[in-house]
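In what follows, a single structure is set out as structure tokens and then discussed.
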Amino acid sequence: MAANARLHQLSERPPAYLNFLAHLLLADDSAASRIGNLLGDFARGPIEQHCASFPKEVVRGIQMHRFIDGFTDSHPAFLRCRRMIHPERRRFAGIMVDLFWDHFLSIHWKDYHASPLETFCQQIYSEMEDHPEWLAGRLGKMFPIMKRENWLMRYSTLEGMALTLEEVSHRSPRIRPIAKGMEDLTSNYEALDSQFQVFMPELLAFVHRWKINNPA
């Protein structure tokens, strides 16, 4: 789930729509937690330094995001999916698998959330509009485009995924090979989906335990 952080290492420009959806799903059921989980890709440095800038629940969301990223990046299913990426793009496999798994989350959304995906996405945009004071730095600059182009729904179709990969590829000349990532998605579609479905219940269990051990 750390695609945005990886991309920030390659470019100073704001990221294209990346793997926000899973973090939003896993957040506590509050605007503060959901926005905090989004901020996890933008609020850098020690968690303590954010306590003066944001409410406690937003900071908890940032912290949750980081633990989710750590769990994901070391999970065997994630590592297996990375190996499915063509060698010429494999150094960007973390970004690509994060994106692919948000695609599978979109198409299996009803298995994980009671609200339709479109309803959930519109709720997120409304919460972000209601709390501009929490949209720090790049997230604040990015939000108007994010809402206008409905980035959160882009994951749900192959056409949207192709557009996402194309947009991401323009972030830096170094990551231009990502534009051909649809070859990896379509040629390994069932295997990537299968690994996602292995991973997701274990991620949900991990986040449940984390919330119990780190009460709000």
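Given the structure is predicted, the values throughout are model-derived calculations rather than measurements.
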Exercise. Give the intermediate values and the outcome of salt bridge (charged side-chain N to carboxylate O under 4.0 Å, His left out) for residues R154 and E167.
Key: CA-CA 12 Å; R154 296 280 181 125; E167 288 283 333; over 6 Å; no
Practice problem: Check whether any side-chain heavy atom of Y125 lies under 4.5 Å from a side-chain heavy atom of F143, and answer yes or no. | Solution: yes
Practice problem: Measure the shortest side-chain to side-chain distance between F196 and V97 over non-hydrogen atoms and say whether it is less than 4.5 angstrom. | Solution: no
Quiz prompt | Linked, directly or transitively: V198 and I85 (ILVMFWY side chains, under 4.5 Å) | solution = no
Quiz item: Any chance CZ of F67 has more than 12 other-residue heavy atoms, nucleotides or ligands included, within less than 6.0 Å?
Solution: no
Quiz item: Got a second to check how far D73's CG is from I68's CD1, nearest 0.5 Å?
Solution: 11.5 Å
Quiz item: For the residue pair F78 and W101, does the interplanar ring angle fall in the parallel (under 30°), tilted (30 to 60°) or perpendicular (over 60°) class?
Solution: perpendicular
Quiz prompt | Pair H86 + F92: ring centers closer than 6.0 Å | solution = no
Quiz item: How about L99 and L185: do any of their side-chain heavy atoms sit closer than 4.5 Å?
Solution: no
Quiz item: Do the side chains of M200 and H108 get nearer than 4.5 Å, heavy atoms only?
Solution: no
Practice problem: State yes or no: are the ring centers of F71 and W210 separated by less than 6.0 Å? | Solution: no
Self-check item: E127 versus H131, side-chain donor and acceptor atoms under 3.5 Å
Solution: no
Quiz item: For I107 and S156, which heavy atoms make the closest approach, and how far apart are they?
Solution: CG2-O, 3.7 Å
Quiz item: Which distance, rounded to the nearest 0.5 Å, do you find between the OG of S106 and the OH of Y112?
Solution: 12.0 Å
Quiz item: For E57 and S30, what are the C-alpha separation, side-chain angles and deciding distance, and is it a side chain to side chain donor-acceptor pair (under 3.5 Å)?
Solution: CA-CA 9 Å; E57 195 168 1; S30 70; 2.4 Å; yes
Quiz item: Does atom CD of E190 have more than 12 heavy-atom neighbours, drawn from other residues, nucleotides or ligands, at distances under 6.0 Å?
Solution: no
Self-check item: R138 side chain to F42 backbone, donor-acceptor under 3.5 Å
Solution: no
Quiz item: Is atom NE2 of H208 surrounded by more than 12 heavy atoms (other residues, nucleotides or ligands) closer than 6.0 Å?
Solution: no
Quiz item: What is the ring orientation for H23 with H65, classed by angle as parallel under 30°, tilted 30 to 60°, or perpendicular over 60°?
Solution: parallel
Quiz item: Is there side-chain contact between L204 and L26, with at least one heavy-atom pair below 4.5 Å?
Solution: yes
Quiz item: Heavy-atom distance under 4.5 Å between the side chains of I145 and W151, does that happen here?
Solution: yes
Quiz item: Taking all non-hydrogen atoms of both residues, which atom of A77 and which atom of F199 are closest, and how far apart?
Solution: CB-CB, 4.0 Å
Exercise. Looking only at non-hydrogen atoms, find the nearest pair between D102 and A22 and report the distance.
Key: OD1-N, 3.2 Å
Quiz item: Is it true that D29 and R34 have a side-chain N and a carboxylate O under 4.0 angstrom from each other?
Solution: yes
Quiz prompt | Sub-4.5 Å side-chain heavy-atom contact between E88 and K180 | solution = yes
Quiz item: Of the non-hydrogen atoms in F54 and E133, which two are nearest, and what is the gap between them?
Solution: CE2-O, 4.4 Å
Self-check item: Contact summary for S187 and D184, nearest pair of heavy atoms
Solution: OG-O, 3.5 Å
Quiz item: Do L152 and Q122 touch side chain to side chain, with heavy atoms closer than 4.5 Å?
Solution: no
Quiz item: Minimum heavy-atom separation for S33 to M64, with atom names?
Solution: OG-CE, 4.1 Å
Exercise. With rounding to the nearest 0.5 Å, note down the distance linking OG1 in T72 to CD in E202.
Key: 11.0 Å
